[in-house]
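Written out below as structure tokens is the structure these notes cover.
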There are 2 protein chains.
Amino acid sequence: MATISDVAKLAGLSVSTVSRVINDSPHVSEKKRNSVKSAMERLGYVPLPAARQLRGSKTNTMAVTIPRIVNPFFSYLVDAIEQKLDEAGYSTLIVQTFSKAEEELTALNLLKNQQVDGVILCSLENTWSIISDYCKYGKIILVNEYLKDVHVPIVRADQYDGFYKATNFLFDEGYSKIAYATGRKSITIMEKEANFDADRFAGFQDSLSEHKLGLNHDWLFTNAHTAEDGKNIFKMIMALDNKPDVIIAGSDEVAMGITQEAEEQKVKVPKQLGVLGVDDQPVSANLRIPLTTIRQPVNEMGQKAAETMLHLMSGESVPKVQICKLKIIKRASA
Amino acid sequence: MATISDVAKLAGLSVSTVSRVINDSPHVSEKKRNSVKSAMERLGYVPLPAARQLRGSKTNTMAVTIPRIVNPFFSYLVDAIEQKLDEAGYSTLIVQTFSKAEEELTALNLLKNQQVDGVILCSLENTWSIISDYCKYGKIILVNEYLKDVHVPIVRADQYDGFYKATNFLFDEGYSKIAYATGRKSITIMEKEANFDADRFAGFQDSLSEHKLGLNHDWLFTNAHTAEDGKNIFKMIMALDNKPDVIIAGSDEVAMGITQEAEEQKVKVPKQLGVLGVDDQPVSANLRIPLTTIRQPVNEMGQKAAETMLHLMSGESVPKVQICKLKIIKRASA
DNA sequence: TCACATCGTGAAATCGTTTCCATATCTGTA
DNA sequence: TACAGATATGGAAACGATTTCACGATGTGA
């Protein structure tokens, strides 16, 4: 492994000059610049990242936190982010949090330890007071998830609008007994905070109110994440005396579980129970019962997020909040 | 940010001693060890990775190369690898190659530049002669993909056996005109090398021969990767005078495209055309026509790969080749 | 022609660790 | 009692880059 002094020796110059060439700073004569370059070439020299980092320079690496990479929503989001960052010469470090607060801190500590220049949080496990401490170590932005009173740039989808319109859409389709499933642990939390899930729920509720309907707590399901959860939700619905005629499933995965279990039990979707997914995963169009779903603007969010981070890096100002629109994709399940 | 000397000062000891405690080397009295530990605790001290790396010690990071993270096969593979590595205290760096040789070299250069302790190649874009040069910089293993005459540990699936049995299975099901799609660029290459695709094809061919059948070149499709490719393949099949009665699709994604286009054109699957997928992606069971498919042992491979790498790290010997079995999952499409 | 700014260059300090070497203290044995 | 060997500790060099500082050469304007 050639070092900077090897290059200096070969070029008959000092390491300072070589360093200047590497970081293309001015005040180096064209002639020496070229001789350094050819020496680097000849030795196949590449600066050792660890040494540069130690001196406190940029790492050209960005961390992205997500709950789990096997969730297609996040793998596509990461993909979009990574491609944009790549174009700008940044590497991407994917950190799976598995929805654990400590794992998220791992990513934040990467910033503290100067291993990355910035962190793109697509998952939010810690309270903001904990996270904000890390802002002094580098740039942080929030993507998809969001909170009120956060002073870092946010790129997010308009969950309120999407869910409000989606609920209206269900009414238009003739449904009136609308159930609601969410990944959240409880509904009370959702009602207090101004975030992702709360906005969805608010959009849902506002549409309900406008149709002169209140909340039926029997039709609210929490902790819904997987297809398995969806199956259980379906079972719970069937056990109800007063059954909903449609359910907003919280994710395509949960929606898939619901439709699957419905089929198993010979309940017709959407006739006996409509199912509205959320995400529009690539497969959702190819399911046995193609999902009607609320498409998330994954690519748009990923690209905007990467661009925002890049602007931040070059010291440009960025919008405080960027909002992308959700879209209802009508297929067969509702 | 507290440094090692801050800790030393607070504990009233030398940096050497603190360093010994950090790396729990012997020859430190229990008393001082404790006082160092409490000093570290008090300052919230964490060793700076860049500085450790510079001194040439371990990075506790592993690179994993994959073609694309949005491909569920690879996201599950990475997931399995990451979880095992995590348990052992290693971080995982995911490198998407986008099937480009240069991107793969990026990952290998991570090894050269001491940014990772090892590389797990789940994608193989360069020739072995290029890759083997990097072995001197750290540990490399091959997962899923493989080549003949490679001197690094390999964890792979038994593609030959899987495809041989799958083809037999199709004969048992009453098919006899079997088409074959692959991601490979051409069939000639496949017949020469001893690798992933070649083994699949060999298994397919051998079963064919045993049933006294030769290859029909009209039924061989190359360059098949996406659902879109699958749709095109279906169209090409329909244009044939002598049509196959079943197709081994190369991947579930391609299989999905084929069944989708078949439905579009009112061709009954599996009655008029059977479709056999490969991978068993999580959604394959929930498609409109649930896919009969060859399941890849993703989790098993991922776990074995991580374990192998960990053994390598601790200097233990590991098997040259570890082979996991494929399994046929019978559903509705064939 | 003088004063002063700019340019080009190298020496040396610095970043935060690990590790080699030297030294001091402690053990057990002849 | 003395001495070899193990144990415990600290000092300082080393890792490979960047960056500050100093200094001579060159250019510019009055």
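Since the structure is predicted, the reported quantities are computational estimates derived from the model, not experimental observations. Within every chain, numbering begins at 1; the chains are lettered A, B, ... in the order of the sequence lines, protein sequences first and strands thereafter. Worth knowing before you read on, the calculation uses all heavy atoms, side chains too, and leaves out hydrogens, waters and symmetry mates.
Rounded to an integer number of Å, the gap from Asn113(B) CG to dG16(D) P is 12 Å. One atom, CD of Gln53(B), and another, C1' of dG16(D), lie 13 Å apart when rounded to the nearest Å. Between the CD1 atom of Ile4(B) and the P atom of dG11(D) there is a distance of 14 Å, rounded to whole Å. In this structure, Tyr45(A) atom OH and dT18(D) atom C1' are separated by 10 Å, rounded to whole Å. Rounded to whole Å, atom P of dT18(D) lies 12 Å from atom CG of Asn60(A). Look at NZ on Lys112(B): it is 14 Å from P on dG16(D), rounded to the nearest Å. Residue Leu54(B) contributes atom CG, which lies 17 Å from atom P of dT14(C) at whole-angstrom precision. dG16(C) atom P lies 9 Å from atom CG of Asp6(B), rounded to whole Å.
At least one side-chain heavy atom of Cys122(B) sits under 4.5 Å from a side-chain heavy atom of Ile81(B). In this structure, Met62(B) and Met309(B) have side chains that are in contact, with non-hydrogen atoms separated by less than 4.5 Å.
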Please list, pair by pair, any protein nitrogen or oxygen found under 3.5 Å from a nitrogen or oxygen in nucleotides 22-28 of chain D.
none

For nucleotides 12-14 of chain D, give me every protein contact, N/O to N/O, under 3.5 Å, one pair per line with atom names.
residue : atom : partner  : partner atom : Å
dA14(D) : N3   : Arg55(B) : NH1          : 2.5

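Summarising the geometry, atom OG belonging to Ser129(A) is positioned 12.0 Å from atom CG belonging to Asp149(A); distances are rounded to the nearest 0.5 Å.
Counting only N and O atoms by type, the side chains of Thr97(B) and Ser99(B) include no donor and acceptor under 3.5 Å apart. When only modelled atom types and interatomic distance are considered, Thr17(B) and Ser14(B) share a side-chain donor-acceptor pair under 3.5 Å. No side-chain N or O of Asn60(A) forms a donor-acceptor pair with one of Arg52(A) less than 3.5 Å apart. Residues Gln96(B) and Glu103(B) bring no donor and acceptor atom of their side chains to less than 3.5 Å of each other. The closest side-chain donor-acceptor pair between Asp79(B) and Gln83(B) falls under 3.5 angstrom.
For Thr17(A) and dG10(C), the shortest distance from a side-chain N or O to OP1 or OP2 is below 4.0 Å. Ser14(A) has a side-chain polar atom (N or O) that falls below the 4.0 Å cut-off from OP1 or OP2 of dG10(C).
For His27(A), there are no ring-ring contact (aromatic ring centres under 6.0 Å, His included) partners at least two apart in sequence or on another chain.
By the 30° and 60° cut-offs, the orientation of the rings of Phe196(A) relative to Tyr146(A) is tilted.
Applying the ring-ring contact (aromatic ring centres under 6.0 Å, His included) test to every pair with at least one member in residues 39-83 of chain A, sequence neighbours left out, gives no pairs at all.
Heavy atoms of Val7(A) sit nowhere under 4.0 angstrom from any nucleic acid atom.
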Exercise answer: donor-acceptor pairs, residues 107-115 of chain A side-chain atoms, under 3.5 Å, sequence neighbours excluded:
residue   : atom : partner   : partner atom : Å
Asn109(A) : OD1  : Tyr134(A) : OH           : 3.4
Asn109(A) : ND2  : Leu105(A) : O            : 3.2
Asn113(A) : ND2  : Asn109(A) : O            : 3.4

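Toward the 5′ end of DNA chain D lies the nearest nucleotide of Leu13(B), the other residue of the pair Leu48(A) and Leu13(B) mapping further downstream.
DNA chain C lies under 4.0 Å from at least one heavy atom of each of the following residues of residues 22-43 of chain A: His27(A), Val28(A), Ser29(A), Lys32(A).
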